[in-house]
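First comes the structure, then the notes that go with it.
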Amino acid sequence: MTDPVFAIDPAQAGIARELYAAARDLPLLSPHGHVDPGLLADDESFGDPARLLIVPDHYVTRMLLSQGIPPDRLGVPRRDGGPVETDGRVIWRLLADNWHLFRGTPSRLWLEQTFSTVFGVEKKLSAETADEMYDEIAARLAEPAFRPRALFERFGIEVLATTEFPTDDLSRHAKLAADGWGGPGGRVISTFRPDNVVDLDRDDWAEAVARMGELAGEDTGTYAGFLEALRRRRGAFIEAGTTSSDHGHPTARTVALSPADAAALYDRALHGEATAADAEAFRGHMLLEFARMSLDDGLVMQLHPGAVRNHNKRLFAAHGADVGGDIPQATSYVDALRPLLDAYGMEPNLTVVLYTLDEQAFSRELAPLAGGYPALFLGAPWWFLDTPGAMLRFREAVTDSAGFYNTAGFVDDTRAFCSIPVRHDIARRVDAAYLASLVVQDRLPLDEAAATMADLAYHLPKRIFKIGRTA
Amino acid sequence: MTDPVFAIDPAQAGIARELYAAARDLPLLSPHGHVDPGLLADDESFGDPARLLIVPDHYVTRMLLSQGIPPDRLGVPRRDGGPVETDGRVIWRLLADNWHLFRGTPSRLWLEQTFSTVFGVEKKLSAETADEMYDEIAARLAEPAFRPRALFERFGIEVLATTEFPTDDLSRHAKLAADGWGGPGGRVISTFRPDNVVDLDRDDWAEAVARMGELAGEDTGTYAGFLEALRRRRGAFIEAGTTSSDHGHPTARTVALSPADAAALYDRALHGEATAADAEAFRGHMLLEFARMSLDDGLVMQLHPGAVRNHNKRLFAAHGADVGGDIPQATSYVDALRPLLDAYGMEPNLTVVLYTLDEQAFSRELAPLAGGYPALFLGAPWWFLDTPGAMLRFREAVTDSAGFYNTAGFVDDTRAFCSIPVRHDIARRVDAAYLASLVVQDRLPLDEAAATMADLAYHLPKRIFKIGRTA
Amino acid sequence: MTDPVFAIDPAQAGIARELYAAARDLPLLSPHGHVDPGLLADDESFGDPARLLIVPDHYVTRMLLSQGIPPDRLGVPRRDGGPVETDGRVIWRLLADNWHLFRGTPSRLWLEQTFSTVFGVEKKLSAETADEMYDEIAARLAEPAFRPRALFERFGIEVLATTEFPTDDLSRHAKLAADGWGGPGGRVISTFRPDNVVDLDRDDWAEAVARMGELAGEDTGTYAGFLEALRRRRGAFIEAGTTSSDHGHPTARTVALSPADAAALYDRALHGEATAADAEAFRGHMLLEFARMSLDDGLVMQLHPGAVRNHNKRLFAAHGADVGGDIPQATSYVDALRPLLDAYGMEPNLTVVLYTLDEQAFSRELAPLAGGYPALFLGAPWWFLDTPGAMLRFREAVTDSAGFYNTAGFVDDTRAFCSIPVRHDIARRVDAAYLASLVVQDRLPLDEAAATMADLAYHLPKRIFKIGRTA
């Protein structure tokens with residue numbers, strides 16, 4: 001089993017190991033992720049190793065695509081229902097045959113650690129070992145100890161937040177609550193993600209708004225009714241344990257529309273007359289509305305801007321969204337967040353966690369903002385930046401202006417349930433390496449580094465994301 | 001006492017210590033700063049420790065604000081004259097109680113080094129030691145050896161430049177000159193900063209222009225009179241020892257207006273009819289005018305673009321400017337500087353020092369520009385970038401295209417008089433670490449690294465900023 | 001002789017040396033460069049040391065210019081034919097006297113390694129040694145072993161690609177082929193660079209198009225004839241061994257014009273009526289045309305966007321292009337490449353190699369794009385980024401999302417024939433250092449690092465640039 005320390009100097013590596021050891025066994029908090037709640041509600045066995053570890057992991061399938069292996073051959077479902085590879089073993093061998101493509105990547109780190117720490121398989125993946133490893137993992141997956149809830153406990157997860165739209169009826173979370181796994185203060189909670197009722201550019205916007213109205217028992221034919229429906233759905237999510245909302249907009253733009261202008265814009269949208277500029281204004285305006293609602297109901301706001309969705313047009317046409325076709329874009333925050341910050345940036349009772357896919361914003365914009373406004377915290381490096389190198393560059397870029405205590409702790413953001421422990425593990429190793437670099441340079445005493453380590457791994461995210469909040 | 005070396009490898013750290021030791025005792029040049037000249041003109045005792053080290057340090061107060069501690073509780077004066085904390089000991093305790101927020105930040109480095117090297121206090125700040133440390137520092141501040149001029153000499157400062165508007169009558173510098181501390185070639189000089197008479201967006205622009213006219217004995221009712229008044233004030237500054245001007249514009253934009261267009265724009269401004277575009281054009285145009293004046297009178301031009309002033313609107317409303325509410329923004333130089341460079345970039349007798357808050361510009365734009373135009377030099381990493389990590393990244397980003405000799409040396413840019421020696425000390429340690437990395441990699445012999453070290457610490461800034469110039 | 005390893009930690013440096021040693025003697029592939037083919041066609045002695053190593057090296061002349069030494073004094077020819085320094089020894093002494101300016105720069109590394117490994121001169125350059133070194137190198141240059149073809153063989157170059165416009169008659173390559181040095185699969189081939197017939201902003205555009213028509217035997221008075229002429233010239237280049245095209249546009253913009261719109265735009269251009277927007281659209285559109293042609297004829301496309309040509313206006317006026325007056329600019333790819341990628345990004349038979357002068361694009365845009373589209377590969381860090389530090393930052397920035405196998409291998413891009421081996425040598429040392437960092441961190445086993453090393457140095461560029469292709 002590999003035991004990576006993200007430090008090269010032996011003295012730094014030694015201190016990093018010491019700091020990591022002290023945090024390794026702290027419970028895992030996953031306040032922002034994309035695991036299917038049905039997985040834990042139903043607690044059935046996972047499928048075969050390929051269907052668990054390859055097919056749904058778009059980090060893996062996009063790398064293979066980039067070298068000419070189409071998603072069909074990897075079993076990624078087609079929108080037209082056309083045939084794709086169904087033999088898990090064939091898919092697994094494709095990965096094994098192309099394993100060299102992943103040298104130096106986080107996917108390799110995550111998968112190798114998953115093989116060894118989750119499944120106890122210590123072999124190196126290769127064309128020669130592929131079948132044997134497949135069989136070993138498949139055998140494990142058939143055991144009761146490898147069902148989702150058993151793994152959840154073995155992984156040491158304290159709380160896992162899934163992500164649902166306001167149009168979700170939360171039935172799976174109700175099932176979890178009935179089983180003693182969900183509800184306020186419970187182990188599996190949801191995150192309120194209103195993008196589908198806020199983004200006028202979506203084809204299903206009107207339908208989603210209507211569906212939300214039904215669930216909320218509100219007439220969404222007016223802007224006032226739309227807002228009230230949102231408030232009610234937030235209430236329902238909070239009753240199911242939710243402590244935060246999430247907003248995945250193309251940009252960080254916020255806009256302060258007057259109530260009358262917002263209502264008029266909403267009416268245009270209902271009549272199918274909203275322009276692209278309307279859509280951007282409405283998304284930006286709704287962030288201010290959500291901030292107002294958060295001041296009332298306490299939900300933490302998470303902003304995830306900067307992804308160009310479905311950049312790979314042919315991939316989207318063939319296989320739909322969330323299969324590796326998104327690309328980051330340059331994202332600016334200083335002007336974009338001004339309307340929100342003018343209104344609520346100084347509110348000590350509002351918590352806004354900012355993420356980015358544009359690491360150039362870390363030292364220039366995000367750290368100075370988080371280090372200057374009470375409401376702002378910095379989210380962990382996200383998605384394409386969720387890697388040892390980028391996490392280290394994040395600390396180097398933001399600590400000067402924001403310190404450690406304006407950062408919100410690691411968030412795995414993953415669909416891949418079995419990768420949760422290894423992702424947290426690697427994040428903790430990276431923070432340990434960064435803190436060790438300060439210790440070695442005589443910039444932080446070891447006892448303070450150790451306290452900071454525990455804060456970053458556990459105490460800070462628990463407080464900032466209000467994990468365990470039962471009110 | 002901590003003795004930080006910004007290198008992790010023991011061999012590199014050893015060479016870094018050797019290089020640092022050779023430069024440690026070179027005199028300090030502070031060619032760009034914001035210390036109140038009255039401090040040295042009057043030479044009175046400093047106030048209490050909090051009023052000296054916390055209240056005016058916006059790096060410190062903004063970090064505390066970001067975690068919900070309002071500036072009122074830290075004694076930062078209100079614009080409305082409303083009550084703020086006045087008990088230095090209470091403010092000091094607030095810092096001590098929240099000292100963990102500063103882990104890993106440059107503020108912590110600067111303050112710890114100030115406690116130990118300026119005041120001889122070796123304790124670690126904490127809730128337990130707060131009162132004791134406060135008392136020790138307060139006791140020192142009451143001693144004659146801790147008056148400003150005594151500290152100036154103990155710090156080994158050779159020249160300190162303050163920064164004044166053209167509307168300043170330079171009376172404090174006159175007092176300093178009368179005492180043998182100022183004037184051409186003297187120890188305390190000024191920097192000519194014409195922003196208040198050049199920035200049409202300022203509320204006090206017209207008033208400032210009129211005031212400058214009075215001081216200069218020129219009628220600023222015409223553009224020609226305005227330019228002549230500027231020339232005269234530059235002359236008065238030069239007589240008081242000034243060797244450089246400073247320009248703090250929102251962007252790096254330069255504009256070549258014809259004299260007629262410039263005069264017409266100036267007239268519109270006098271009549272209160274200037275637009276935002278006029279203001280940007282006028283600022284940009286005046287940089288060309290100042291370059292022309294510099295070719296006559298020899299003042300070095302410093303450009304400090306890229307700060308969004310008073311981004312934190314509520315903070316500005318309550319406490320005014322320069323209390324931590326500014327935020328950097330993306331800044332581009334390649335097109336923006338073109339009019340200036342087309343006209344004067346090849347002039348060997350013009351010196352323009354470029355600064356940035358956007359470190360992404362270092363390798364892409366600033367180093368290629370400074371490495372390709374005789375008039376251009378790169379200023380030290382500034383403000384949010386004035387940190388060990390960012391200073392190291394600066395050297396890594398610019399040395400390839402600009403070498404060391406197109407960089408202008410460290411500039412402390414500080415309002416905090418007592419932090420001057422520690423800021424220079426840390427910059428010297430960082431340069432030593434960077435040079436040591438080249439030595440260890442067999443890219444630079446030790447003797448050349450040592451010569452470069454002394455140049456960066458002393459000889460380069462002395463030459464580039466024309467320190468000691470008496471003509 | 002210096003033996004730089006771009007690693008500081010002794011364990012990492014040891015592994016880096018081991019990896020480097022295994023790749024050191026692999027043949028050199030130079031699939032993109034600017035060496036004059038006449039050099040190898042004629043195989044005459046080089047001029048004096050200054051004319052070989054200083055005068056044509058704009059990295060060197062721009063650094064000296066930036067410190068006030070004008071190109072005239074360095075022998076750079078003037079457009080007006082006015083007098084410039086002609087005494088090589090005088091020019092050589094100017095470099096020696098200012099050698100400190102190059103401390104820490106790649107130019108110093110390249111020159112020092114060239115002195116020692118190419119000419120066997122181990123002295124340190126200085127005012128004292130200048131004459132002696134000049135004489136030693138001049139003596140070597142007079143020997144037959146220092147003629148271009150002899151050096152080519154000593155350098156271990158397998159294939160060198162020069163770069164020519166479609167208006168070049170390829171006579172020098174015909175001479176090379178006749179001598180057994182050129183042609184398909186030969187040692188010296190060309191790259192097809194159609195910028196002069198595609199860029200409507202060029203003064204010589206119409207003339208170049210007409211000349212291309214003559215060479216191709218096509219009437220370029222129509223758009224269809226223009227395209228056909230391009231196809232024929234590509235064919236002629238391919239017959240001379242060419243395997244790739246190169247496109248040096250100001251931006252990465254691609255545009256999908258309809259055939260009718262493209263034809264109309266072309267007509268406007270022929271009539272001298274094209275606007276700046278037309279020029280940008282036409283350049284962008286032609287990239288799609290060239291992709292279509294590449295699908296037919298197999299040429300690899302190289303995109304080199306982001307240089308502001310002739311930024312230094314006075315330098316251009318006096319000495320023309322390619323003498324150090326270009327400056328990089330911010331370059332975005334995500335939207336710019338969309339039309340090209342929508343059309344051809346998923347084509348496994350198209351190869352597009354992307355370069356940049358804006359290293360901020362590496363982690364944010366280029367790596368995610370190359371890691372998500374089969375047609376895309378990442379070119380080596382280019383020009384201002386062709387340095388040990390920037391090459392290391394490149395690997396750190398792109399490996400997470402693109403791995404190693406979506407990168408295209410080192411490209412020297414140089415006019416300086418004698419610097420080819422040292423540039424490749426340094427690139428190999430840097431890759432060895434990066435791979436060693438993964439080995440030391442337990443992220444990659446040594447055997448896989450060694451295999452990757454050989455791939456990066458030789459096998460990947462050979463495959464991606466289709467080196468040796470004879471079809």
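To find a chain, count down the sequence lines: A is the first, B the second, and so on, and within it residues start at 1. Values below: every heavy atom of this structure, side chains too, minus hydrogens, waters and symmetry copies.
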Quick check for you: among [options], which has the greatest number of heavy-atom pairs under 4.5 Å with chain A?
{"options": "S401(C), P348(C), A375(C)", "result": "S401(C)"}
{"options": "P368(C), P10(C), A361(C), G403(C)", "result": "P368(C)"}
{"options": "S332(C), A449(C), A343(C)", "result": "A343(C)"}
{"options": "L369(C), D455(C), L341(C)", "result": "L369(C)"}
{"options": "R364(C), R395(C), R443(C)", "result": "R364(C)"}
{"options": "A367(C), G372(C), S363(C)", "result": "G372(C)"}

Using non-hydrogen atoms only, which part of [X] is less than 4.5 Å away from chain C: side chain, backbone, both, or neither?
{"X": "V308(A)", "result": "side chain"}
{"X": "H58(A)", "result": "neither"}
{"X": "A13(A)", "result": "neither"}
{"X": "P388(A)", "result": "side chain"}
{"X": "F6(A)", "result": "both"}
{"X": "L357(A)", "result": "backbone"}

Test item: [X] and [Y] side chains (from C-beta on) under 4.5 Å apart, heavy atoms:
{"X": "D442(C)", "Y": "V5(A)", "value": "no"}
{"X": "T356(A)", "Y": "Y333(A)", "value": "yes"}
{"X": "N312(A)", "Y": "D326(A)", "value": "no"}
{"X": "R24(C)", "Y": "R428(C)", "value": "no"}

- request: Please report the closest heavy-atom contact between V76(A) and V84(A), naming both atoms and the distance.
  value: O-CG1, 3.2 Å
- line: Between Q12(A) and V440(A) the two heavy atoms that sit nearest each other are CA-CG2, 3.6 Å
query: Is it the case that R103(A) places NZ or CZ above or below the six-membered ring of F404(C), under 6.0 angstrom from the centre and within 45 degrees of the axis?
result: no
Considering only heavy atoms, which portion of [X] lies under 4.5 Å from any heavy atom of chain A: side chain, backbone, both, or neither?
{"X": "A11(C)", "value": "neither"}
{"X": "A402(C)", "value": "backbone"}
{"X": "E448(C)", "value": "both"}

query: So F115(A) and W99(A), would you call those rings parallel, tilted or perpendicular, with 30° and 60° as cut-offs?
result: tilted
field: Residue, of H311(A), Q67(A), E359(A), Q360(A), that accumulates the most heavy atom pairs under 4.5 Å with chain C
entry: H311(A)
- prompt: When heavy-atom pairs shorter than 4.5 Å are enumerated against chain C, which of Q329(A), E112(A), K313(A), R393(A) gives the highest number?
  reply: K313(A)
query: What residue among T351(C), V352(C), L354(C) forms side chain to side chain contact (heavy atoms under 4.5 Å, CB included) with M301(C)?
result: V352(C)
query: Should R429(A) and D425(A) count as an ion pair when the cut-off is N to O under 4.0 Å?
result: yes
